[in-house]
Amino acid sequence: MNKLYKSLIFDKQVSLSVLETTELVNAAIKTHNLSGAAAVTLGNMLTAAAYMAGCLKSDRGAVSLTVKAEGDAGTVSVSGDKDLHIRGYIDVEKEGRLKGGYLTVIKDDGFSRPFVGATELISDDVSRNLMHYFDTSEQIPTAVSIGVKLAPDGKCEAAGGVVMQLLPDATEENTQAAENAMQPFGNAAEVIKNFGADGVIREYFPDVEKGGLYLYFPEYKCNCSREKLRAVAASLGKAELIKIAEEEGSVKIHCHYCNTDYVFTRDDVEKMF
Ligand SMILES: [Zn+2]
C-alpha cells in the first residue's frame, strides 16, 4: 500500500514527509508499459506529485509538475489532487532521463488564480531539481531525497523517500537538526526497501507521535471521464470532428495519463452540438 506520513518535528519548525510509493510506480509501469530509466524518471516524478498533493490545503486543490526536457526525455507530466489521486505520463524518445529544459509547477487551490512556478533543470536527478525549484521559485528551504529501485524483472522493488521543509520560524539549531536527520536517506529507495514508510518513522523518528502524525494513502488514479473528453473533443469544432469521423470511422481522444482511448462515433459528434 502506498503511504504518506506527515508530521511536524524539531519544535514544530520542520515539516516531515515520509513516502512509500512502490505500488504507485508499479501502477504507472503497468499502465504505460515502461522500463528502465523512463520508469525511474516517471516514478520519481509521481512520488514528487504525491508529496506536493499532500501539501495542498483546499479540498478542491490540485497540483501538476511538468518537465519539458531537451533531447532524449521529451515530456514528463504528473499531477495530483487533495484526495492524493496521482497520475502521470512520460513521453520519451530514448533514455528517459531529464537533461536540460524546465520544470513547471502549477498549484491550484481551487479558489483564486493558480500559482505557477518554473525553474531550469539543473540535474537528471528529480530530488535535486525539486530542491532547486523550492529554493528558487517558492523560497522555502527544502531537503528532498526520493528514489526508485527497479527489480531485475522490471517491476518497482521500492520507491519513496523523505522530504523535510523548514517553516519560516525555524531556528539555526533546528535547521541543523533537520540537516543531520536527512543524512541516513541518501539512497531513499534502499531505505524504503529495508524499512518501508512505517519502519522509517519507527526507526528514525521515534518521538514523532507527540507532535501528531498523519497518514495518507496516495493512489494511482486518473480523473478523466467520457464527459470530460467529450468536452475536449467538442473544442475542435463540429466541422473538424465530422471530417475526422468520416475519414477515420470515428473520433478517438486519447488520455495520456491512463492510456485510454475514448471513441466517439459520427452519431456521438452530432449529439455534442
Ligand atoms: Zn485518463
Side-chain angles (χ1 to χ4, degrees), residues 1-2 4 19 21-35 37-56 58-69 73-93 96 98 103-110 114 116 126 148 154-156 159 216-237 240-241 244-245 248-269 271-272:
M1 188 174 279
N2 300 302
L4 165 61
L19 294 125
T21 53
T22 311
E23 284 183 21
L24 191 65
V25 179
N26 272 321
I29 288 173
K30 203 172 159 197
T31 301
H32 299 294
N33 195 20
L34 296 175
S35 61
V40 172
T41 298
L42 183 59
N44 278 314
M45 289 287 288
L46 288 166
T47 304
Y51 165 69
M52 291 184 77
C55 299
L56 292 166
S58 153
D59 282 346
R60 288 184 293 165
V63 62
S64 73
L65 294 85
T66 303
V67 166
K68 295 235 185 262
T75 302
V76 190
S77 186
V78 294
S79 64
D81 60 21
K82 188 72 164 62
D83 296 327
L84 292 173
H85 293 159
I86 312 296
R87 59 183 192 158
Y89 69 90
I90 181 164
D91 185 7
V92 279
E93 297 285 313
L98 305 175
L103 165 68
T104 306
V105 174
I106 302 175
K107 272 200 270 187
D108 189 349
D109 64 12
V116 182
V126 173
V148 171
K155 283 191 186 146
C156 176
Y216 307 92
F217 301 99
E219 190 185 350
Y220 194 98
K221 200 168 177 185
C222 187
N223 62 3
C224 73
S225 64
R226 194 170 167 82
E227 209 50 48
K228 283 184 186 169
L229 275 291
R230 180 184 287 120
V232 173
S235 69
L236 293 172
E240 179 66 19
L241 288 177
I244 297 170
E248 297 174 22
S250 63
V251 178
K252 284 197 190 74
I253 305 288
H254 186 72
C255 177
H256 288 289
Y257 291 101
C258 60
N259 218 2
T260 304
D261 273 330
Y262 289 86
V263 180
F264 299 96
T265 63
R266 208 203 134 115
D267 264 6
D268 293 331
V269 172
K271 279 179 214 152
M272 276 178 210

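Counting starts at 1 for both ligands and their atoms, following the listed order.
Under the 3.5 Å distance criterion, the side-chain polar atoms of Ser250 are left unmatched by any main-chain donor or acceptor of Ala245. Between the side chain of Asn44 and the backbone N or O of Val126, no donor-acceptor pair lies under 3.5 Å.
Each side chain to side chain donor-acceptor pair (under 3.5 Å) pair with one or both residues in residues 23-34, not counting sequence neighbours, appears once here: His32-Tyr220.
Separation of atoms NZ (Lys155) and OG (Ser35) is listed at 14.5 Å; rounding is to 0.5 Å.
The side-chain heavy atoms of Thr21 and Leu46, taken from C-beta on, include no pair separated by under 4.5 Å.
Within the protein, the N, O or S atoms lying under 2.8 Å from the Zn ion (ligand 1) are Cys222 SG, Cys224 SG, Cys255 SG, Cys258 SG.
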Legend entry - Derivation of the side chain to side chain contact (heavy atoms under 4.5 Å, CB included) call for Val63 and Val105: CA-CA 7 Å; Val63 62; Val105 174; 4.2 Å; yes
